[in-house]
Amino acid sequence: MTTVALDFAPYVAPVAKPSTGPSRIACRVCGSTQMLSYLNLGKQPHANARQTLDGPLVSSTPLRVFACMKCQLSQLSVVVPPNELYGTYSYRSGVSAGWRAHCASLAKQYGGAGKLALDIASNDGTLVRAMRASGATAVGVEPSRSFEDCDYDRISRYWSAALVEEFPNLLGAVDVLTAQNVLGHVADVHDFMRGVALSLKQDGVAIIEVPYVCDMLRALSFDTVYHEHLSYWSVTALRELCNAHQMVLSDVQPLKLHGGSLRAVVRKSGDVAPSVARYLATEARDLRKGSYLRFSERVSQHMLALNDTLRDLVPYVGFGAAAKTTVMLHCLDVRAYPKVVYDDNLHKHGFAIPGTRVPILLASPGEFDVLTQPIVIFAWNHADEIIAKLRGWGYRGDIFVPALEPYWDTLEDA
Ligand code: TYD
Ligand code: ZN
């Protein structure tokens, strides 16, 4: 009898692993051990790791999400040491025009002459520069060595309460503190918030932007789950954290960024906008065990369908070597992989998508008017901007966006 070996293991989509009873993991906000395990993406490499084209594949770590049944914070089951993730860091927020516009509007609203603005995890300095343009004195805090070529004032350290105590100029001195997409990256959220409280002036304001867990559940954006994102915030959890540090969650606004985020406006005292109670009531109704498990089921179905679509598109090319591209590829069958992935970030050029041999190429206009293969935009949160750019470069082929409702952008025949 002859047996035929399969080239690859059959494709298995992410699955729900419901847990019962108390877990060994405690919620990092409220300490509860009533944690529901609801998304298991297997072992994955660090999504922004530097993967050389022909060197060994970078190592993988389990990627599993638990929800706290008390404060509705979702968190990963493991914490990768920050230096492994951020020592060198290729992510540059200013690559996106949409992000630059977002920072400019934030600076216009909260900056201004005479103010001291402090931006935590300032990355390439996009917001610090916008604050400076508004007339404010602006300083960033950024630990990664990867931004040495970026010209702005910064403290090259991780944010912490101890850091504020070391810099007397920061103690009770900051008018506007910004923390965009960083609270979700921090393991000790209480220390983070202690630092915020210590640095703010009595009438200062902290603008904290985080991906919103309800948006992730609604939009099936499971590919925003990766090792850098330790927490997925609810308003319930944000308020719990603020309360623990005698801070007031004074307003919450939705943001159409990264697949759905929240802007939390935090102060030392003052009124609370009606939006906060509205969000809390909605979460009390919608964030239940069944909602998390339904999400997981839908993710599995979505991935199965997406896997089939992408396999039929092979050979195709990808656009956007985002962290979410790494996650997405590791949830797919290798036979559904793109040939290459293009990206506008020079710092990613010449590397591969972590844990794979799929090369990342710098996108340059001349190539796209002759390209006939379909393009899949893995960085679906920037799809409009990228589609406009590709069409502007003369690309005439089909574009596929693998979002919640996958869609095509096809040029009409002339
Ligand atoms: P990002 O939205 O930051 O997602 P993640 O948090 O998952 O990394 O990443 C977007 C990626 O897309 C980033 O690598 C830059 C790239 N990009 C381009 O190459 N060109 C563009 O015009 C835009 C908007 C993004
Ligand atoms: Zn909790």
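Sorted by first then second residue, the side-chain hydrogen bond (donor to acceptor under 3.5 Å, both in side chains) pairs that include residues 124-140, not counting sequence neighbours, are S93-D124, D124-T126.
The backbone N or O of G55 sits less than 3.5 Å from a side-chain atom of T52, completing a donor-acceptor pair. Formation of a donor-acceptor pair under 3.5 Å by the E385 side chain with backbone atoms of A97 is found in this model. A donor-acceptor contact shorter than 3.5 Å is absent between the side chain of S231 and the backbone of W233. Remark: the backbone N or O of L217 is not paired with any side-chain donor or acceptor of S221 at under 3.5 angstrom. In this structure, the side chain of S250 engages the main chain of V265 through a donor-acceptor pair within 3.5 Å. Although no hydrogens or angles enter the test, the distance criterion places no donor-acceptor pair under 3.5 Å between the side chain of S32 and the main chain of A26. Listed for the H190 side chain is a donor-acceptor partner under 3.5 Å among the backbone atoms of V29. Side chain of D175 to backbone of L116: a donor-acceptor contact under 3.5 angstrom is found. Within the 3.5 Å criterion, the main-chain N or O of S296 finds a donor-acceptor partner in the side chain of S300. Judged purely by atom type and a 3.5 angstrom limit, T236 has no side-chain atom pairing as donor or acceptor with the backbone of Q72.
Note: W393 and F368 have tilted aromatic rings, judged against thresholds of 30 and 60 degrees for the angle between ring planes. A perpendicular orientation is assigned to the rings of F222 and H302, their planes being inclined by more than 60° (bins at 30° and 60°). Between Y232 and H229, the two ring planes are perpendicular [angle over 60°; tilted spans 30° to 60°].
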- Audit row: Y158, N83, side chain to side chain donor-acceptor pair (under 3.5 Å) steps and yes/no: CA-CA 10 Å; Y158 285 98; N83 283 335; 3.1 Å; yes
- Query: Checking salt bridge (charged side-chain N to carboxylate O under 4.0 Å, His left out) for the pair R194/D191: CA distance, chi angles, key distance, verdict?
  - Reply: CA-CA 5 Å; R194 251 194 313 278; D191 180 70; 3.7 Å; yes
- Start with the C-alpha gap between Y342 and L362, add the side-chain angles, then the distance that decides, and say whether side-chain contact (heavy atoms from CB on, under 4.5 Å) holds. CA-CA 6 Å; Y342 285 98; L362 188 63; over 6 Å; no
- Task: Dump the intermediate steps for side-chain contact (heavy atoms from CB on, under 4.5 Å) on R298 and L404, then the final yes or no.
- Result: CA-CA 10 Å; R298 289 175 68 214; L404 166 63; 3.8 Å; yes
- Query: Checking side chain to side chain donor-acceptor pair (under 3.5 Å) for the pair T326/Y226: CA distance, chi angles, key distance, verdict?
  - Reply: CA-CA 9 Å; T326 309; Y226 48 91; over 6 Å; no
- Would you check, one step at a time, whether the test side-chain contact (heavy atoms from CB on, under 4.5 Å) holds for E283 with V235? CA-CA 8 Å; E283 289 180 5; V235 173; 3.4 Å; yes
- Task: Take E209 and H102 through the test side chain to side chain donor-acceptor pair (under 3.5 Å) and record every step on the way to the result.
- Result: CA-CA 12 Å; E209 295 179 355; H102 174 69; 2.9 Å; yes
- Audit row: H185, Y86, side chain to side chain donor-acceptor pair (under 3.5 Å) steps and yes/no: CA-CA 10 Å; H185 294 237; Y86 307 116; 2.8 Å; yes
- Tell me, with the steps shown, if S199 and L177 meet side-chain contact (heavy atoms from CB on, under 4.5 Å). CA-CA 8 Å; S199 64; L177 178 146; 3.4 Å; yes
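Residues V272 and L249 are not in side-chain contact: their nearest non-hydrogen atoms beyond the backbone lie 4.5 Å or more apart. Between S261 and D215, the closest side-chain pair of non-hydrogen atoms is not below 4.5 Å. Side-chain contact check for L346 versus R92: every heavy-atom pair is 4.5 Å or farther apart. Using a 4.5 Å cut-off on side-chain heavy atoms (C-beta onward), R263 and I207 make contact. No side-chain heavy atom of M69 sits less than 4.5 Å from a side-chain heavy atom of R288. With a 4.5 Å cut-off on side-chain heavy atoms, L390 and I375 count as touching. Residues P338 and V317 form no side-chain contact, since every pair of their non-hydrogen atoms from C-beta on lies 4.5 Å or further apart. Using a 4.5 Å heavy-atom threshold, the side chains of F319 and I399 count as separate.
With Y395 as the aromatic partner, R391 does not meet the cation-pi criteria of under 6.0 angstrom to the ring centre and within 45 degrees of the ring axis.
Nearest heavy atoms, V58 versus R50: CG1-O, 3.7 Å. Pairing each heavy atom of R28 with each of L73, the nearest pair is CG-CD2, 3.7 Å. F66 approaches S77 most closely through the heavy-atom pair CE1-CB, 3.5 Å. Taking all atoms of both residues into account, the shortest heavy-atom contact from P45 to H330 is CG-NE2, 3.3 Å. In plain terms, the two heavy atoms of N48 and K348 that are nearest each other are OD1-NZ, 4.4 Å. Closest approach of A363 to D344, counting heavy atoms only: CB-OD1, 3.4 Å.
Distance CG/L313 to CD/Q373: 11.0 Å, rounded to 0.5 Å. From L329, atom CG reaches atom NZ of K324 across 12.5 Å, with rounding to the nearest 0.5 Å. The structure places CG of L163 at 7.0 Å from CG of L170, a figure rounded to the nearest 0.5 Å. Taken to the nearest 0.5 Å, the SG atom of C27 stands 11.5 Å off from the CD atom of Q34. To the nearest 0.5 Å, the span separating CZ on R357 from OH on Y337 amounts to 12.0 Å. Going from atom NZ of K70 over to atom OG1 of T33 covers 7.5 Å, rounded to the nearest 0.5 Å.
For the pair D203 and K201, the salt-bridge criterion is not met [side-chain N within less than 4.0 Å of a carboxylate O]. In this structure, R157 does not pair ionically with E142, as no charged nitrogen and carboxylate oxygen lie closer than 4.0 Å.
A 6.0 Å sphere centred on CG of D151 holds no more than 12 heavy atoms belonging to other residues, nucleotides or ligands. Surrounding CG of D271 are at most 12 heavy atoms belonging to other residues, nucleotides or ligands under 6.0 Å away.
A search for ring-ring contact (aromatic ring centres under 6.0 Å, His included) contacts involving Y279 returns Y212, not counting sequence neighbours.
Judged purely by distance below 3.5 Å, without hydrogens or angles, the side chains of D119 and T178 pair a donor atom with an acceptor atom.
Between Y316 and F400, the distance from one ring center to the other does not fall under 6.0 angstrom.
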